[in-house]
2 protein chains.
Amino acid sequence: MPKIVDKEKMREGILEAFLNTLLKYGFHNSSMTKIAQEAGIAKGTLYLYFDSKESLISTMTKQHFSKVKERLVATKYFDSLDELLNHIENSLLISKEDTEFIPIFFEAFGASFSSPKFIDKYRDFFNEIGEFYAKNLQLLMDSGSIEKSINPVALGRVLVSMLDGIVLHKGFFSMEKDAYEEMVKESVGLFRRGLIL
Amino acid sequence: MPKIVDKEKMREGILEAFLNTLLKYGFHNSSMTKIAQEAGIAKGTLYLYFDSKESLISTMTKQHFSKVKERLVATKYFDSLDELLNHIENSLLISKEDTEFIPIFFEAFGASFSSPKFIDKYRDFFNEIGEFYAKNLQLLMDSGSIEKSINPVALGRVLVSMLDGIVLHKGFFSMEKDAYEEMVKESVGLFRRGLIL
DNA sequence: TATTATAGTGACCACTTGGTCATAAAAAGG
DNA sequence: CCTTTTTATGACCAAGTGGTCACTATAATA
C-alpha cells in the first residue's frame, strides 16, 4: 500500500543537482534551499536522502577521490621507464570534471584544513600514491633501467607533490588546453631525462 | 589636548594577535571577538584599526605573498645551472611561518576560489614567477649550459607548479624536517639531471 | 584642574543559513 | 475508493557572527 521510490536514484539525482549548483555558485553560496530547487524538490525532501550538507559534500568527495586514486595507482608496477612516464602523463591529463572539482574541494574544506583528522586522511592518500611510485622506482633501479643514485622513497613522495602541484594549478588557473599539454610534455621530458640511466 | 596613540604600532600588534588566533583556531573559528581578546582590546577598538575581518586577512596575505615573491624571484638572472638550482633549493626550504600560513590561506580564501577576480590575482602571481624561470632557462639555453630541446616558457611555468606543489604538501602535511630535506635534495637532483646538457 | 579632541568599550542588531517538524500528498493494495 | 504506509513540503527555529553606535575613558593642553 505504501508509496515507493527508488532511493538510490533519488540520491544520484540529488548529487547531480548538487554538483550543478556547486559549479554555478560555489560551495558556500550553495544553500540547501538552492540545491533542493536545482533538484526540483523541497528542502525537507533533501534531508530525507542526505543528513546534512556535510554529508552531501563528503559523499561527493569520497567518490571523486576514489576515482582519482584508481587513476593514479596502477594495478601493477611498470617494467620500463617509458611505461611509468606514460602513466605519469596520463595522470596529468585529467578530465574537465576532475579539474572543476579542485576549487570546489578547497572551498568546501578550507575550514577543515586546521583539523588534524582531516589532514591525516589526505596525508595517507598522498603517501599511498607516493609509496606506489617509490616501489616502482626501486624496481626500475633494480632492473637497471634508471639512475641508481636516487632515494626512491623521497623521490616517489616528491614526485607526487609535483604532480599534484601541476594538477592543482590546472584546476585553479584553468589553463588553455594547448598550453597545458605543452606543460605536460615538458614535465614528462624533464622526468625522463632526470630518471634515465 | 587630545589622546594620541601610535596607530601603526596598534595595527602591527593587532596583526600579530590575529596571526596567533589564526594558528590556534583557524580562520573561521577566529571571531572578531576572539581576535580582539587576544590583542587585549575590545571588539569595537579592532574596528578603529581595521575595517573588517576581510581587511585583516587581506592585509596579512598581501604581506605574506610579497615576502614570498621576493624570495622566489631573484633580482638578477643566474648565469649557471648550479646557481639556478641553488635558488630553487632555497625556494623550497621555506620557513616555519610561511609553512604555517599555507593552510590558513586556503581556509580563509576557500570561499573566494570561485571568484574570477581572486583567481586572476594569483594566476598573475604565479605567471610572473613562471616567466622569471622561463627567461632564465632561455638564457641558460643560449649560453649552452642546459638542454636545448626544451620549451622554456612551458617548462618555466610547470616548474613553478611543481615547486608550489612541493611547498603546499609541506604546508598541509607538516613533514618531518629530515624527510623533507631529503625530498628537496631529490627534487634538485632530478631537476639537475633533467636540465643539464 | 578644566577642557576637549581622540580613543576605547561591549551590548546590541541584522542577516544568513543549516536543519526540524507538523501537516499534506501520493500511491500501492485490499 | 478507502486505508495505510511512505514520501514530500516549506514555514519556522536556533545559533553564530560580522559589524555598529551611544556612551565612557583617556591624556594632552591651557
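In what follows, chains carry the letters A, B, and so on, assigned in the order in which the sequence lines appear, proteins first and then strands, with residues in each chain numbered from 1.
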| task | Mind checking side chain to side chain donor-acceptor pair (under 3.5 Å) for B:Lys96 and listing every partner two or more places apart, or none if nothing turns up? | result |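 Testing B:Lys96 for side chain to side chain donor-acceptor pair (under 3.5 Å), a comparison that skips the adjacent residues, returns B:Glu100.
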
| Test: B:Lys7 cationic atom under 6.0 Å from B:Tyr49 six-membered ring centre, within 45° of axis |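 Not flagged: B:Lys7 not positioned over aromatic ring of B:Tyr49.
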
| Within 45° cone of B:Phe126 ring axis and under 6.0 Å: B:Lys69 NZ or CZ |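 The answer is no, since B:Lys69 fails at least one limit relative to B:Phe126.
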
| message | Would you compute the distance between atom CD of A:Glu38 and atom OG1 of A:Thr33 and round it to the nearest 0.5 angstrom? | response |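 OG1 of A:Thr33 is found 13.5 Å from CD of A:Glu38.
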
| query | Using 30° and 60° as the class limits, which term best fits the ring planes of A:Phe113 and B:Phe172: parallel, tilted or perpendicular? | reply |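 The arrangement is perpendicular - the two ring planes meet at more than 60°.
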
| Can you say whether the rings of A:Tyr77 and A:Phe132 are parallel (under 30°), tilted (30 to 60°) or perpendicular (over 60°)? |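 Parallel.
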
Salt-bridged, [X] to [Y], with N to O below 4.0 Å?
{"X": "A:Lys117", "Y": "A:Asp120", "answer": "no"}
{"X": "B:Lys185", "Y": "B:Glu89", "answer": "no"}
{"X": "B:Glu131", "Y": "B:Arg157", "answer": "no"}

| Have B:Glu16 and B:Asn20 got a donor and an acceptor in their side chains that come within less than 3.5 Å? |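 Short answer, no.
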
Which of [range] sit near DNA chain D, with a heavy atom under 4.0 Å from it?
{"range": "residues 14-35 of chain B", "result": "B:His28, B:Ser31, B:Met32"}
{"range": "residues 49-56 of chain A", "result": "A:Tyr49"}
{"range": "residues 39-48 of chain B", "result": "B:Lys43, B:Tyr47"}

| said: Expressed as a whole number of angstroms, how long is the span from B:Gln37:CD to D:dG18:P? | reply: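 Distance check: B:Gln37 CD to D:dG18 P gives 13 Å.
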
| request: Write down the distance between CZ (B:Arg11) and P (C:dA7), rounded to a whole number of angstrom. | output: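 So the two atoms are 14 Å apart, to the nearest Å.
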
Any N/O pairs under 3.5 Å between the protein and nucleotides 23-26 of chain D? List them or say none.
none

| task | Could you tell me whether B:Lys76 atom NZ has more than 12 heavy atoms of other residues or ligands within 6.0 Å of it? | result |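 Yes, NZ of B:Lys76 has more than 12 neighbouring heavy atoms, counting only those of other groups under 6.0 Å.
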
| task | Determine whether more than 12 heavy atoms belonging to other residues, nucleotides or ligands lie under 6.0 Å from atom NZ of A:Lys62. | result |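 Check fails, neighbour count at 12 or below.
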
| Residue list, ring pair (Phe, Tyr, Trp, His ring centres under 6.0 Å) with B:Phe191, at least two apart or on another chain |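 B:Phe191 satisfies ring pair (Phe, Tyr, Trp, His ring centres under 6.0 Å) with no other residue.
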
